[in-house]
Amino acid sequence: MEWHFRNDQPIYTQLTQQITLAILSGSIPSGGRLPTVRELAADAGVNPNTVQRALAELEGTGLLHTQRTAGRFVTEDTAVIQSAKEDLARSRTREYLESMAQLGYDRQQVKALLEEWKEE
């Protein structure tokens, strides 16, 4: 997995977001096993405690679960994955619409822009 970190958010939050995207996009499939905390930490170049915090947060959302002695796995519950995907899509759409409103666009103008983009 390729990691990209910024200075505007805690690293564990960015890890959580990037792993979530990998799950929702299918890069890490439903039922798939994640690398160990140490492997993820080494790969991302971060402290294992930071990775542990991110994975604990993802377990709290239901996207991951731990099988004792076997590791962490992505949920096989497709409803949980679909719900998380829809929540993220709504959030990003809201952010987009808010940023367009800051530029002075109303929803009809945004819709027209999207229609233009669709036709290209």
Side-chain angles (χ1 to χ4, degrees):
M1 188 169 197
E2 194 171 320
W3 304 98
H4 301 281
F5 299 113
R6 301 176 316 275
N7 293 327
D8 63 342
Q9 286 183 317
I11 297 296
Y12 84 92
T13 302
Q14 294 178 63
L15 285 167
T16 302
Q17 292 168 349
Q18 291 180 41
I19 294 169
T20 298
L21 280 176
I23 293 168
L24 299 182
S25 70
S27 295
I28 304 174
S30 176
R33 184 179 181 278
L34 266 66
T36 67
V37 168
R38 288 184 184 177
E39 291 169 340
L40 284 170
D43 186 44
V46 300
N47 187 298
N49 292 332
T50 303
V51 172
Q52 180 63 36
R53 185 172 179 185
L55 296 179
E57 198 164 295
L58 286 169
E59 282 190 37
T61 67
L63 286 174
L64 296 181
H65 64 91
T66 299
Q67 289 182 3
R68 207 164 163 99
T69 71
R72 283 193 174 86
F73 294 83
V74 175
T75 184
E76 293 181 14
D77 186 343
T78 56
V80 169
I81 293 172
Q82 187 61 34
S83 176
K85 189 182 247 186
E86 289 170 4
D87 288 346
L88 182 58
R90 281 188 194 94
S91 173
R92 289 196 172 178
T93 300
R94 191 175 312 108
E95 290 171 9
Y96 171 72
L97 291 173
E98 288 170 2
S99 68
M100 294 305 287
Q102 290 174 349
L103 289 172
Y105 285 86
D106 64 26
R107 287 185 183 238
Q108 284 303 107
Q109 291 170 313
V110 171
K111 185 177 178 181
L113 286 172
L114 291 172
E115 289 298 324
E116 285 177 30
W117 175 76
K118 183 180 172 183
E119 292 172 7
E120 289 179 6

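Hydrogens, waters and symmetry mates are skipped; everything else that's a heavy atom, side chains included, is used. Positions are given from 1 along the sequence.
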Residue set satisfying side-chain contact (heavy atoms from CB on, under 4.5 Å) with Glu39, at least two apart, ordered chain then number -> Pro35, Thr36

Residues 105-115 vs side chain to side chain donor-acceptor pair (under 3.5 Å), sequence neighbours excluded, gives none

Practice item. Would you confirm whether Glu57, through its side chain, and Thr13, through its main-chain N or O, come within 3.5 Å as a donor-acceptor pair? Key: no

Sequence neighbours excluded, the answer for salt bridge (charged side-chain N to carboxylate O under 4.0 Å, His left out) partners of Arg53 is none

Residues pairing under salt bridge (Lys or Arg N to Asp or Glu O under 4.0 Å) where one sits in residues 27-38, two or more places apart or in two chains, turn out to be none

The complete set of salt bridge (Lys or Arg N to Asp or Glu O under 4.0 Å) pairs with one or both residues in residues 19-31, sequence neighbours excluded, reads none

Rounded to the nearest 0.5 angstrom, the OG1-CD distance for Thr93 and Glu98 is 11.0 Å

| message | Quick check: is Leu97 connected to Leu103 through a chain of hydrophobic side chains (ILVMFWY, heavy atoms under 4.5 Å apart)? | response | yes

- side-chain contact (heavy atoms from CB on, under 4.5 Å) evaluation trace for Gln67 with His65: CA-CA 7 Å; Gln67 289 182 3; His65 64 91; 3.5 Å; yes

Taken in chain and number order and not counting sequence neighbours, the residues that satisfy salt bridge (charged side-chain N to carboxylate O under 4.0 Å, His left out) with Arg94 are none

Residue pairs meeting side chain to side chain donor-acceptor pair (under 3.5 Å), one or both in residues 80-90, sequence neighbours left out, come to Gln82-Glu86

* With side chains defined as the heavy atoms from C-beta onward, is the minimum distance between Gln9 and Gln17 less than 4.5 Å? -> yes

In short, salt bridge (Lys or Arg N to Asp or Glu O under 4.0 Å) pairs touching residues 62-75 with sequence neighbours left out are Glu59-Arg72

Apart from Met1 itself, its cluster of hydrophobic side chains linked below 4.5 Å comprises Trp3, Phe5, Ile11, Leu15, Ile19, Leu21, Ile23, Leu24, Ile28, Leu34, Val37, Leu40, Val46, Val51, Leu55, Leu58, Leu63, Leu64, Val74, Val80, Ile81, Leu88

Minimal heavy-atom distance between Ser99 and Tyr96, with the atoms involved, is OG-O, 2.8 Å

Residues at least two apart in sequence or cross-chain that pass salt bridge (charged side-chain N to carboxylate O under 4.0 Å, His left out) with Asp43, listed by chain then number, are none

Under a side-chain separation threshold of 4.5 Å, the hydrophobic residues clustered together with Tyr12 are none

For residues 8-23, the salt bridge (Lys or Arg N to Asp or Glu O under 4.0 Å) pairs (sequence neighbours left out) are Arg6-Asp8

